[in-house]
Amino acid sequence: MEVVRSEFVPDASLSREEMEDLQREIAETAVFADDLHVDPARICGDGDGPATDTDQTSLDAVGAGERDGTPADDPPLVAGVDQAFVDDHAVSAIVLLRDGEVVERVHAVEPAEIPYIPGLLSFREGTAILAAFDALEREPDIALVDGSGRIHFREAGIATHVGVTLDLPTVGVAKNLLCGTPRESLDRKLPQGARVAIEADADVETAEHGTRIGDAVQTRQFENSDRYVNPLIVSPGHRVSADTAADVVLACAAGYKLPEPTRLADQYADDVKSEVREELD
DNA sequence: GCGACAG
DNA sequence: ATCTTGTCGC
């Protein structure tokens, strides 16, 4: 699929201030509300293959299948996006799933122009991600991007940047909190399926203090153990509300901490990384 | 000056 | 993110 907002394509040659200004523009263009035709309940992420009839008894709470182009009886296409690095090169891998099964897989390798700078991640990895999306034959109904979305200093994390540039519904899935304050402590064992709101604080300069910008989501938890799994940090990227973002991630969970699309993209990125590592001579 | 910060 | 063996637990 192709870029829709070319003015937002990440440019690593911009100054830090220009990058931040661009992020403010992106945040203003971003839609942190549901504008998609995906019913989370119709996403099968339990790893048991195609959904059975009994798995599809949900109502189309968000208008699933009401638009042209996507058959109402077809489960949504969910993409997982992840990056890996080899020397100064970024590897972006995308795995596309439908009903829990891989239907397409692509990757791209691009030079990483700038170092990692908290808050400017998309300018380091964005080019590779867009190149991978360009190679993707089908158009996903939604994409899960590793990293933050709205949970960002200027509400324009990598998931938001990519989503707005492609005008594609996206969700940010991070393993750590970049900014914002959890409504309650995350330093305790949360039950599987639990969600804890993340609110904007002084570090989020573009949002009103207290605004819910995402959630900590417990996709997996130990039952009979003193040990516990930390929650994932989920936030809207573009055209998705915080509630739906969490719904989609939980719907894609299949017994692992990472939702299937992201987990498989992570594996694929590692495979590609090994191959690229040799071509370096 | 100190703290704090996705991947 | 990346460099890395074994090891504890379900």
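In this structure, A:Phe85 places its CZ atom 6 Å from C1' of C:dA1, rounding to the nearest Å. Per the geometry, CZ belonging to A:Arg124 stands 8 Å off C1' belonging to B:dG7, to the nearest Å. What separates CD1 of A:Ile198 from P of B:dC5 is a distance of 13 Å, to the nearest Å. Rounded to whole Å, the distance from CG on A:Asp270 to C1' on B:dG7 is 13 Å. Computed from coordinates, the A:Leu177 CG to B:dC5 C1' distance equals 10 Å when rounded to whole Å. Between A:Tyr256 atom OH and C:dC10 atom P there is a gap of 18 Å when expressed in whole angstrom units. As rounded to whole Å, 17 Å separates atom P of B:dA6 from atom CZ of A:Phe123. Distance, A:Asp203 CG to B:dA4 P: 11 Å, rounded to whole Å.
A continuous path of hydrophobic side-chain contacts links A:Val276 to A:Val95 [ILVMFWY only; heavy atoms under 4.5 Å]. Hydrophobic clustering, with ILVMFWY side chains joined whenever heavy atoms are under 4.5 angstrom apart, keeps A:Phe153 apart from A:Val204.
Closest heavy-atom contact between A:Asp215 and A:Ile151: N-CD1, 4.4 Å.
In terms of position on DNA chain C, the residue among A:Phe222 and A:Asp266 whose nearest nucleotide sits closer to the 5' end is A:Asp266. Between A:Asp146 and A:Ser225, the one whose closest nucleotide on DNA chain C sits nearer the 5' end is A:Asp146.
For DNA chain B, the neighbouring residues in residues 149-162 of chain A, judged by any heavy atom under 4.0 Å, are A:His152, A:Phe153, A:Gly157, A:Ile158.
At the heavy-atom level, A:Leu120 lies under 4.0 Å from base atoms of the strands shown.
The ring of A:Tyr116 does not lie on top of the base of C:dA1; it is either too far (5.5 Å or more) or too tilted (30° or more).
Checked against the 6.0 Å centroid threshold, A:His161 and A:Phe123 count as a close aromatic pair.
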What N/O pairs connect the protein and nucleotides 3-6 of chain C at under 3.5 Å? Give each pair on its own line.
from  : atom 1 : to       : atom 2 : distance (Å)
C:dC3 : OP1    : A:Arg277 : NH2    : 2.8

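Between A:Arg183 and A:Glu199 there is a salt bridge, since a side-chain N of the basic residue sits under 4.0 Å from a carboxylate O of the acidic one. Under the 4.0 Å criterion applied to side-chain N and carboxylate O atoms, A:Glu28 and A:Arg24 are not assigned as salt-bridge partners.
Not counting sequence neighbours, A:Glu275 has no partner by the side-chain hydrogen bond (donor to acceptor under 3.5 Å, both in side chains) test.
OP1 or OP2 of B:dC5 has not a single side-chain nitrogen or oxygen of A:Asn176 nearer than 4.0 Å.
A:His209 and A:Asp201 form no side-chain donor-acceptor contact under 3.5 Å, judged by distance and modelled atom types alone.
Partner of A:His238 under the side-chain hydrogen bond (donor to acceptor under 3.5 Å, both in side chains) criterion, chosen from A:Thr29, A:Thr160, A:Asp167, A:Thr165: A:Asp167.
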